[in-house]
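To start, the structure under review is shown below, and the notes come after it.
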Amino acid sequence: MDTGNTAFVLLSAALVMLMTPGLAFFYGGMVRVKSVLNMLMMSFICLAVVTVLWVLYGFSMAFSTDAFGGLVGNLDLYGMRDIGLSELWDGYSIPITAFAIFQLMFAIITPALISGAVADRVKFVSWAVFVALWVTIVYFPVAHWVWAADGWLFKKGVIDFAGGTAVHINAGIAALALVFVVGKRVGFKRDPMRPHNLPFVMLGCGLLWFGWFGFNAGSWLGADGVTARAAINTQICTAAAVLGWLALEKIRDGHFTTLGAASGAVAGLVAITPACGALSPMGSIALGIVAGAVCAWAVGLKYKLGYDDSLDVVGVHLVGGIIGSIAPGLLATGKIQSDAEGLFYGGGTEQLVKQVTAVAAVMAYSFVATFVIGTLIQKTIGFRISEDDEVNGIDQVEHAETGYDFASLGGSVGRPSATVGAGAPSATETTETKVDA
């Protein structure tokens with residue numbers, strides 16, 4: 001056991017855990033006033049549900065000995081039984097429990113990413129059930145494919161340093177499938193649905209950016225030169241993506257926005273995730289500029305194609321994940337990772353084919369499985385709240401709370417209108433507040 005590597009991985013796990021509350025703030029600021037608490041809770045419930053399932057069987061499904069030709073692990077480690085204090089993760093100098101808690105944080109944030117696509121309109125209980133089913137049927141097996149030593153994509157030589165396929169493409173395509181099941185928000189393409197709190201968005205982005213160093217650099221499971229390369233590439237690509245997004249925004253819309261800067265940063269973080277250990281600094285700049293600009297373009301597709309992805313999960317995580325996942329086949333340089341046959345190197349047509357295969361496989365499986373899970377929930381307990389409840393405000397309906405106490409300001413500000421319900425803005429609020437709410 002190497003105490004330095006162990007300490008680094010545990011610290012990285014804590015950084016990745018912080019990303020889920022960061023995501024909650026990022027998404028929470030992007031929704032309207034009447035939905036902010038629900039948006040926060042959709043991320044926080046993932047911390048609870050996925051942790052328990054990970055201990056019961058998730059870690060075993062993802063990382064125990066293969067059971068079905070590289071598709072999923074067996075249940076030998078159910079309940080994380082028979083794991084001692086000094087047992088090391090195979091091939092590394094850290095305890096199994098350190099690896100387990102680090103990977104748990106990835107399992108938590110992946111379904112949380114999906115939540116942004118269906119903001120404002122799904123039952124909280126149904127969402128919690130969806131999270132439980134989705135990580136069991138989709139995430140745990142896909143994590144085995146990509147990261148387990150006997151997973152079929154890992155054995156194929158696919159490079160996914162920290163989760164381009166297993167996390168971002170997986171969540172992004174699942175978000176698209178779930179949007180098709182749940183349907184559009186009331187007033188989509190008709191009513192203004194602007195972010196209610198851009199400082200929240202920037203705060204969430206900052207927490208995500210900070211935590212992402214643990215997400216990427218920690219995935220090497222040790223502290224050495226490759227770790228440092230993953231960390232610096234994370235910073236470089238993210239910065240370049242901010243510039244790429246803002247440049248396209250200025251050309252297209254004539255201005256730079258804080259929402260665009262934050263979204264560009266997330267797009268860069270997504271894109272560098274699978275390739276952070278494989279690229280040179282110059283390659284990271286190129287990847288960031290492309291990811292920022294292309295994702296900025298992609299988020300507008302929902303209006304042209306007619307699907308209501310509330311917070312642009314598809315445009316940022318699916319598109320950014322695809323760009324980042326094929327990058328090792330185009331831009332990779334030097335030593336990437338090791339397998340049973342020794343070290344292999346990225347770049348070239350052969351590696352590109354492997355990367356595209358992984359992208360296609362994860363997209364196909366996750367989309368179909370998510371659509372089936374979502375439809376099953378919709379047909380049984382129901383997935384969507386009623387139209388009246390959605391208009392009045394999901395925070396009041398699902399949580400009996402509101403994010404802001406306008407009544408404390410005095411006068412009539414914030415008092416509910418008798419005609420629209422307690423969760424909606426009052427007739428005395430300003431026009432700006434009414435639009436954003």
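Closest approach of A174 to I114, counting heavy atoms only: CB-CD1, 3.8 Å. Across all non-hydrogen atoms, the minimal contact from S325 to P274 is N-CG, 3.6 Å. Here the closest heavy-atom approach between residue D76 and residue R81 is recorded as O-NE, 3.2 Å. Considering all non-hydrogen atoms of both residues, L208 and V266 come closest at CD1-CG2, 4.2 Å.
Between W127 and F130, the gap from one ring centroid to the other is short of 6.0 Å. Here the two rings, on H399 and F124, have centers that are under 6.0 Å apart. Between F106 and W147, the distance from one ring center to the other falls under 6.0 angstrom.
Between the side chain of S115 and the main chain of A112, a donor-acceptor pair closer than 3.5 Å is present. Q235 contributes no side-chain N or O that, together with a main-chain N or O of I232, makes up a donor-acceptor pair within less than 3.5 Å. Checking side-chain atoms of Q355 against main-chain N and O of G329 turns up no donor-acceptor pair under 3.5 Å.
Checking S310 against R121 by side-chain atom types alone, a donor-acceptor pair falls below 3.5 Å. No side-chain N or O of S64 forms a donor-acceptor pair with one of Y78 less than 3.5 Å apart. A side-chain donor from one of T165 and D160 sits under 3.5 Å from a side-chain acceptor of the other. At a cut-off of 3.5 Å, with distance as the only test, a side-chain donor of Y404 or H196 sits close to an acceptor on the other residue. No donor-acceptor contact under 3.5 angstrom links the side chains of Q396 and T402, judged on distance only. In this model, no donor atom of one side chain and acceptor atom of the other lie less than 3.5 Å apart for S35 and N38. With hydrogens and angles left out, the side-chain atoms of S263 and W245 include no donor and acceptor closer than 3.5 Å. Side-chain contact annotation: W89 with T97, donor-acceptor N/O pair under 3.5 Å absent.
Using a 4.5 Å heavy-atom threshold, the side chains of M19 and W212 count as touching. No side-chain heavy atom of V31 sits less than 4.5 Å from a side-chain heavy atom of P195. Side-chain contact between C276 and R229: absent, with no pair of heavy atoms (C-beta onward) separated by less than 4.5 Å. Within the 4.5 Å cutoff, side-chain heavy atoms of F180 are placed close to those of F367. Using a 4.5 Å cut-off on side-chain heavy atoms (C-beta onward), L269 and F215 make no contact. A heavy-atom distance below 4.5 Å is not found between the side chains of F371 and L376. Side-chain contact between D389 and I394 is absent, with no heavy atoms from C-beta onward closer than 4.5 Å. Looking at P95 and T6, their side chains come closer than 4.5 Å, going by heavy atoms from C-beta outward.
Between atom CZ of residue F26 and atom CE of residue M202 there is a gap of 9.5 Å, rounded to the nearest 0.5 Å. Interatomic distance, I323 CD1 to I272 CD1, rounded to the nearest 0.5 Å: 12.0 Å. To the nearest 0.5 Å, the span separating CD1 on I169 from OG1 on T273 amounts to 11.0 Å. Taken from CG in D2 to CG in L221, the straight-line distance is 12.0 Å, to the nearest 0.5 Å. In this structure, L10 CG and F99 CZ are separated by 13.0 Å, a value rounded to the nearest 0.5 Å. Rounding to the nearest 0.5 angstrom, the gap separating the CG atom in N170 from the CE atom in M363 is 11.0 Å.
Of the residues listed (I83, L53, L104), the one engaging F59 in a side chain to side chain contact (heavy atoms under 4.5 Å, CB included) is I83, and it is the only one.
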Worked check of side chain to side chain contact (heavy atoms under 4.5 Å, CB included) between V270 and V319
CA-CA 9 Å; V270 169; V319 174; over 6 Å; no

How far apart are the C-alpha atoms of F140 and W54, what are their side-chain angles, what is the distance that settles it, and do they pass the ring-ring contact (aromatic ring centres under 6.0 Å, His included) test?
CA-CA 9 Å; F140 297 155; W54 186 253; 5.7 Å; yes

Show your working on salt bridge (Lys or Arg N to Asp or Glu O under 4.0 Å) between D120 and R32 and close with a plain yes or no.
CA-CA 8 Å; D120 300 335; R32 291 168 288 177; 3.2 Å; yes

Where do F154 and V146 land on the side chain to side chain contact (heavy atoms under 4.5 Å, CB included) test, with the steps shown first?
CA-CA 5 Å; F154 185 91; V146 175; over 6 Å; no

Kindly determine whether V50 and V131 satisfy side chain to side chain contact (heavy atoms under 4.5 Å, CB included), including the steps that lead there.
CA-CA 8 Å; V50 179; V131 169; 3.8 Å; yes

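Residues meeting the ring-ring contact (aromatic ring centres under 6.0 Å, His included) test with F200, sequence neighbours left out: F25.
Ion pair K302/D312 flagged as a salt bridge, since at least one NZ, NE, NH1 or NH2 atom sits closer than 4.0 Å to an Asp/Glu carboxylate oxygen. Ionic pairing of K34 and D395 is not present here: no N-O contact between side-chain nitrogen and carboxylate oxygen is shorter than 4.0 angstrom.
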